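Counting from 1, the numbers follow the sequence of the chain as shown. This structure is a prediction, so every number in the text was calculated from the model and none was measured.
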Amino acid sequence: MEIQLRLIRLATRSKWFFGGALAASIVGCALVLFQAELLTKVIANIFLYNIDPVTIGGQFQLLGIIVVLRVGAQVCADWFAKSGAVHLKTQIRQTLLEKFRLLGAVHNQSRPTGELTAVFLQGVDALDAYFSQYLPQIILAFTLPLMILFRVFPFDGLSGIIFLLSAPLIPIFMYLLASISTKLTSQQWQGLQKISAYFLDTLLGITTLKSFGKSRDEVLRIEHVAKKYHDTTLDVLRITFLSALIMEFISTISIALIAVQIGLRLLYGQMIFEQAFFILVIAPEFYLPLRNLGARFHASQLGVEAAREIYKVLDAVPLNSMKPGGGLAIDTIRMIDLDHVGFTYPGAAQSAIEKVTLHLERGRLYALVGTSGSGKSTLARLLLGLLPVSQGEIYIDGRPFSAISIESFQKRSTWIPQKPHLFNDTVEANIRLANPVASESEYFKALELARLDHWLEGMPEGDQTVIGENGRLVSSGEAQRIALGRAFLKNADFLILDEPVAHLDPQLESDLQSGLKALIPGKIVLIIAHRLSTVQNADQIFFFDKGTLAGQGTHRELLEWCEAYARMVQTYRGDL
């Protein structure tokens with residue numbers, strides 16, 4: 001019920017559209033009554049009073065106009081409702097996109113991409129039936145029967161009582177079937193999410209599956225999930241058809257009861273023809289919106305289930321240290337200090353990092369090294385504001401991290417992961433993503449520093465070459481250089497680079513090391529290092545072991561006094 005109330009409150013954002021739908025529906029209801037009364041009058045004049053049809057030609061014309069107006073009112077109501085639904089779906093998608101941005105990569109990666117895609121695409125689309133059909137039908141199901149009751153009761157109380165007593169039976173049976181329908185629809189939605197997650201996972205890993213000869217096994221797995229979704233969907237349809245049958249049965253019996261009692265009273269002269277015929281004409285109109293409400297209810301249930309998932313995303317609390325849309329705006333980053341910083345992942349038994357104190361300042365190259373699971377990635381996420389500190393504090397130029405606007409911080413910082421994401425666009429578009437307003441000279445300088453200029457000369461379309469989804473048409477080393485081109489073009493004050501030369505040959509590595517040296521003046525550069533060549537060039541090395549800062553200093557200093565660091569260097573023989 002809470003979800004339904006939230007969806008209704010959401011619908012008020014499109015009050016002009018739904019207000020138009022309401023007005024058109026009320027006009028349509030009035031025209032239904034007018035049409036029934038005029039039709040009764042025309043039939044009585046011709047067959048009861050033997051009036052020449054030519055004489056009442058004006059009534060025929062008016063009846064035709066009413067029919068056209070009634071259809072027009074219905075078309076207008078549908079247009080307003082559908083336009084309102086489209087407007088709301090657009091708003092929901094924009095809100096979800098903004099929420100995904102605020103939640104950050106850490107939160108979004110905690111759920112399968114296929115499930116999030118299903119929420120964003122099929123989930124939002126499923127709300128269409130709720131907004132464009134179910135909500136307007138609720139209004140119509142109350143408005144038209146109420147207007148008919150007010151019109152029928154003054155001249156035929158018995159028919160009015162039958163209408164009044166039989167009408168609630170339809171929503172009562174609809175409510176009784178709702179619990180079964182809701183449970184099955186929930187299973188249907190979960191099945192849809194599972195199919196999306198499995199299918200996307202299979203597509204992304206098809207090369208691995210082929211190499212291990214497991215592609216057919218994965219197909220069988222997807223077929224099993226799809227079969228369960230198919231069976232659940234059929235169960236939902238069975239309940240829907242059963243519900244429709246019950247609604248039709250109740251309305252048919254009610255109309256038959258109305259017809260029988262009217263026929264008997266008409267036969268014994270206790271009722272005049274015009275009244276009897278009017279009630280017979282209006283009776284199907286009385287039950288029609290109630291029957292349609294049952295059908296619209298079942299059509300809207302998938303949207304309600306999808307809304308639960310949508311609101312789970314919208315209600316999630318961003319895992320970052322800074323204030324979205326508020327806080328202190330900064331225009332530069334000169335130094336960063338960590339004071340006894342620790343972080344524990346939710347549900348974890350021990351801290352990922354604890355009591356880390358270090359100092360970063362402009363114009364220096366820092367290296368972050370350690371074995372897998374030592375806390376390097378967690379520290380990088382804390383420094384980028386993607387995770388909140390559990391203890392201690394991070395300071396930017398002496399100001400607490402939590403008081404700084406995340407938008408202004410992100411403009412002054414850059415993170416290049418080891419596997420950067422590239423878009424299905426040109427090389428230039430992927431690089432200019434970092435700074436769309438950069439000048440031509442700045443752009444070509446970034447290409448030069450990333451050692452992309454000579455590579456692009458050999459490409460048939462130069463920097464207009466499309467690199468495919470996630471850079472699948474370029475090598476790992478070329479993708480890494482494109483990502484570095486972004487970093488050079490953004491010209492941020494604070495850079496975190498996750499082994500920027502991991503996929504490069506020795507010559508390119510040497511060239512890029514020179515490019516990095518040109519980048520360091522005036523900036524804070526932190527490299528998560530796995531190669532000895534990178535570590536040796538760092539002004540300061542932070543060595544992590546089991547979530548603690550086990551040592552810091554130059555490469556030579558750490559070799560002399562940090563036994564764990566020396567052992568690691570000896571073990572990996574050049575690769576950290």
Side-chain angles (χ1 to χ4, degrees), residues 104-107 317-324 326-346 348-371 373-415 492-498 520 522-529 535 538-554 557-558 561-562 564-565:
V106 176
H107 180 279
V317 179
L319 282 177
N320 58 57
S321 304
M322 294 172 286
K323 298 179 179 179
L328 220 66
I330 58 173
D331 54 10
T332 186
I333 301 174
R334 297 182 182 86
M335 62 180 181
I336 301 173
D337 291 284
L338 279 72
D339 183 17
H340 292 85
V341 167
F343 177 78
T344 304
Y345 285 98
Q350 59 184 19
S351 300
I353 63 170
E354 56 182 342
K355 297 181 180 179
V356 174
T357 299
L358 53 85
H359 173 75
L360 307 173
E361 62 184 42
R362 181 181 286 187
R364 305 195 73 189
L365 174 64
Y366 298 93
L368 184 60
V369 301
T371 56
S374 59
K376 302 188 300 296
S377 297
T378 300
L379 182 66
R381 288 168 175 171
L382 288 168
L383 286 169
L384 290 165
L386 300 176
L387 292 174
V389 293
S390 302
Q391 58 184 354
E393 186 61 88
I394 300 176
Y395 296 93
I396 308 295
D397 295 334
R399 290 170 285 193
F401 220 172
S402 55
I404 293 173
S405 162
I406 191 168
E407 286 83 0
S408 65
F409 177 80
Q410 288 173 343
K411 288 179 182 178
R412 307 308 312 161
S413 61
T414 296
W415 176 43
D493 295 328
F494 177 43
L495 289 86
I496 295 182
L497 309 174
D498 191 351
I520 291 170
K523 306 185 190 314
I524 303 171
V525 181
L526 176 65
I527 295 179
I528 300 176
V535 172
D539 297 308
Q540 188 87 345
I541 299 170
F542 301 115
F543 173 60
F544 273 74
D545 184 30
K546 297 178 181 178
T548 60
L549 181 58
Q552 65 182 78
T554 65
E557 290 170 347
L558 287 174
W561 68 266
C562 185
Y565 178 81

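Panel note: side chain Asp539, backbone Leu365; a donor-acceptor pair is recorded below 3.5 Å. In this structure, the side chain of Tyr565 does not engage the main chain of Gln552 through any donor-acceptor pair within 3.5 Å. Within the 3.5 Å criterion, the main-chain N or O of Ile330 finds a donor-acceptor partner in the side chain of Ser408. Checking side-chain atoms of Asp397 against main-chain N and O of Met335 turns up a donor-acceptor pair under 3.5 Å.
Contact check for Tyr366 versus Leu360: side-chain heavy atoms found under the 4.5 Å cut-off. Counting heavy atoms from C-beta outward, Ile336 and Ile524 have side chains that approach closer than 4.5 Å.
Across all non-hydrogen atoms, the minimal contact from Ile528 to Ala380 is CD1-CB, 4.0 Å. Of all heavy-atom pairs between Phe494 and Leu383, the closest is CE2-O, 3.9 Å. For Gly551 against Leu558, the heavy-atom pair with the smallest separation is C-CD2, 3.9 Å. The two residues Phe543 and Ala564 make their nearest non-hydrogen contact at CE2-CB, 3.6 Å. For the residue pair Thr332 and Arg362, the shortest heavy atom distance occurs at OG1-NH2, 2.6 Å. Taking every heavy atom of both residues into account, Ser390 and Thr344 meet most closely at OG-N, 3.0 Å.
In this structure, the separation between CD1 on Ile404 and CD1 on Ile333 is 7.5 Å, given to the nearest 0.5 Å. Annotation: the span from Leu368 atom CG to Ile496 atom CD1 amounts to 8.5 Å, rounded to 0.5 Å. Distance check: Glu354 CD to Gln391 CD gives 7.0 Å after rounding to the nearest 0.5 Å. Taken to the nearest 0.5 Å, the CG atom of Asp337 stands 9.0 Å off from the OH atom of Tyr395. Between the OG atom of Ser405 and the CD atom of Gln410 there is a distance of 8.5 Å, given to the nearest 0.5 Å. Note that CD1 of Ile396 and CZ of Arg399 are 9.0 Å apart. Values are rounded to the nearest 0.5 Å.
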Item to check | Test side chain to side chain contact (heavy atoms under 4.5 Å, CB included) applied to Ile353 and Leu382, step by step | outcome: CA-CA 10 Å; Ile353 63 170; Leu382 288 168; 3.2 Å; yes
Item to check | Residues Asp331, Arg412; criterion side chain to side chain contact (heavy atoms under 4.5 Å, CB included); working and verdict | outcome: CA-CA 7 Å; Asp331 54 10; Arg412 307 308 312 161; 5.6 Å; no
Checklist entry - Run the side chain to side chain contact (heavy atoms under 4.5 Å, CB included) check on Leu338 and Thr357 step by step: do they pass? => result CA-CA 5 Å; Leu338 279 72; Thr357 299; 5.8 Å; no
Item to check | Verdict with supporting geometry, Gln540 and Leu358, side chain to side chain contact (heavy atoms under 4.5 Å, CB included) | outcome: CA-CA 11 Å; Gln540 188 87 345; Leu358 53 85; over 6 Å; no
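Side-chain rings of Phe544 and Phe542 stay apart, their centers remaining 6.0 Å or farther from each other.
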